[in-house]
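Chain identifiers are assigned alphabetically (A, B, ...) following the order of the sequence lines, protein sequences preceding nucleic acid strands; residue numbering begins at 1 within each chain. Reckoned from all heavy atoms, side chains included, excluding hydrogens, waters and symmetry mates.
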Number of protein chains: 2
Amino acid sequence: MNKEAIKKQFKDFVKRKGLKFTSQRESILEEILNVKGHFEIEDMVKRIKEKNIPVSRATVYRTLNILKEMGLVNEVIKYKNKTIYEISLKQHHDHLICTKCGSIIEFSEEEIEKLQDKICKEYGFKPETHRLEIFGICKNCR
Amino acid sequence: MNKEAIKKQFKDFVKRKGLKFTSQRESILEEILNVKGHFEIEDMVKRIKEKNIPVSRATVYRTLNILKEMGLVNEVIKYKNKTIYEISLKQHHDHLICTKCGSIIEFSEEEIEKLQDKICKEYGFKPETHRLEIFGICKNCR
DNA sequence: ATGGTTGCAAAATGTTTGCAATGGC
DNA sequence: GCCATTGCAAACATTTTGCAACCAT
């Protein structure tokens with residue numbers, strides 16, 4: 001999906017909720033779309049400050065919450081008391097996190113998804129999202 | 001494993017590291033052993049305060065870090081910016097977390113563990129711990 | 001006696017919020 | 001013009017830390 005289509009999707013979502021499509025929200029979305037992989041909010045704030053885009057930290061946090069609700073970004077990892085997000089355009093995947101260098105490697109495994117569904121059924125649990133994080137030492141750091 | 005054995009194990013670990021086995025550390029460990037399931041640090045602090053055990057918040061945090069390093073407790077969940085711990089005596093398991101009532105259900109699935117090992121091998125990644133959290137709505141809340 | 005440990009309060013970190021001014025629609 | 005939104009700073013929540021007094025070994 002291209003950027004314009006996503007932007008429109010966001011605009012529609014916002015309007016449907018009776019909210020407004022402001023220049024700040026647009027800027028934040030654009031910045032997020034520029035990032036390929038994962039990001040932390042504080043990095044996003046810094047990036048925005050560096051580009052002199054007039055958006056405050058509070059607005060970044062508030063917009064991220066809307067985007068999360070909309071499902072365009074996912075809270076993927078909680079590590080060292082920080083939340084790391086990613087844009088959720090790709091197929092679902094999970095993460096290997098190197099405890100030495102902090103690098104994050106993505107993987108996806110259809111089998112694991114299936115097993116999770118099976119388990120949820122067993123417990124009468126209706127899954128919304130999930131997060132599988134494997135912590136360890138990556139190839140480079142070994 | 002019984003409490004005394006665990007306590008000894010902790011004592012040995014601490015000494016091996018050139019640290020000291022203090023009454024505060026002992027009290028904290030005892031309190032943790034009294035809890036069956038999961039706990040948040042602040043709850044632990046409250047519990048300790050209520051029992052008039054002379055241990056400060058800072059010491060609870062510091063001791064938890066030692067216990068985590070030792071592998072006796074695991075950071076199991078990061079949810080709403082809180083860390084939830086559990087004692088890691090039982091077999092490894094993962095969690096279903098109800099986003100409505102906050103209840104945590106444990107499950108374990110041998111197959112998932114195996115698949116994770118397989119993936120780590122593929123990536124040359126040496127796993128240390130992992131965390132699988134499935135968020136959704138539990139049976140009761142549906 | 002030595003050097004790790006404690007409690008305290010202050011600081012650090014990440015995130016949320018109240019409020020007056022602003023700006024979509 | 002209405003009402004959501006913004007920026008700011010203050011508030012919050014969780015966790016860490018500097019330091020002087022303390023205590024296990």
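Under 3.5 Å, the side chains of Q116(A) and H130(A) contain a donor-acceptor pair of N or O atoms. Under the 3.5 Å distance criterion, with hydrogens and angles disregarded, a donor-acceptor pair is assigned to the side chains of E86(B) and H38(B).
A close approach under 4.0 Å does occur between a side-chain nitrogen or oxygen of Q24(B) and OP1 or OP2 of dG7(C). One finds a side-chain N or O of R25(A) lying less than 4.0 angstrom from the OP1 or OP2 phosphate oxygen of dT5(D). Between T22(B) and dC23(D) there is no side-chain N or O to OP1 or OP2 distance below 4.0 Å. Distances shown here put every side-chain N or O of K17(B) at or beyond 4.0 Å from the OP1 or OP2 atom of dG4(C). Look at N65(B) and you'll find a side-chain N or O under 4.0 angstrom from OP1 or OP2 of dT16(D). The phosphate of dT15(D) has OP1 or OP2 within less than 4.0 Å of a side-chain N or O from T83(B).
For K20(B), whose side chain is taken as the heavy atoms from C-beta onward, the closest listed nucleotide among dG7(C), dG4(C), dG23(C) is dG4(C). Of all nucleotides listed (dT15(D), dT15(C), dA24(D)), dT15(D) comes nearest to the side chain of E42(B). The side chain of I41(A) lies closest to dT15(C) when the candidates are dT6(D), dT15(C), dT5(C).
Note: CG (L29(A)) to P (dT5(D)) measures 15 Å, nearest angstrom. Summarising the geometry, the separation between NZ on K11(A) and P on dG24(C) is reported as 12 Å, rounded to the nearest angstrom. When the P atom of dG24(C) is taken as reference, atom CG of D12(A) falls 18 Å away, rounded to whole Å. Nucleotide dT16(C) holds its C1' atom 14 Å from the CD1 atom of I66(A), rounded to whole Å. Atoms NZ (K82(B)) and C1' (dT15(C)) sit 14 Å apart, rounded to a whole Å. As a whole-Å value, the separation of Y85(B) OH from dT14(D) C1' is 11 Å. The distance from atom CD of E26(B) to atom P of dT25(D) is 10 Å, rounded to the nearest whole Å. Note: CZ (F13(B)) to P (dG4(C)) measures 16 Å, nearest angstrom.
From Q24(B), atom CD reaches atom OG of S56(B) across 8.0 Å, with rounding to the nearest 0.5 Å.
For DNA chain C, the neighbouring residues in residues 48-61 of chain B, judged by any heavy atom under 4.0 Å, are P54(B), V55(B), S56(B), A58(B), T59(B).
Electrostatic pairing of K3(A) and E30(A) does not count as a salt bridge here, judged by no charged N lying under 4.0 Å from a carboxylate O.
Classified by interplanar angle (parallel below 30°, tilted 30° to 60°, perpendicular above 60°), the ring pair F21(B)/F10(B) is perpendicular.
Panel note: side chain S88(B), backbone G71(B); a donor-acceptor pair is recorded below 3.5 Å.
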For the pair R57(B) and E42(B), evaluate salt bridge (Lys or Arg N to Asp or Glu O under 4.0 Å) and give the outcome as yes or no after the intermediate values. CA-CA 8 Å; R57(B) 159 173 289 101; E42(B) 283 305 313; 2.5 Å; yes

From CA spacing to verdict: salt bridge (Lys or Arg N to Asp or Glu O under 4.0 Å), E111(A), K114(A): CA-CA 5 Å; E111(A) 263 327 291; K114(A) 277 187 199 150; 3.7 Å; yes

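Of the two residues contacting DNA chain C, namely R62(A) and V14(B), the nearest-nucleotide position lying further toward the 5' end is that of V14(B).
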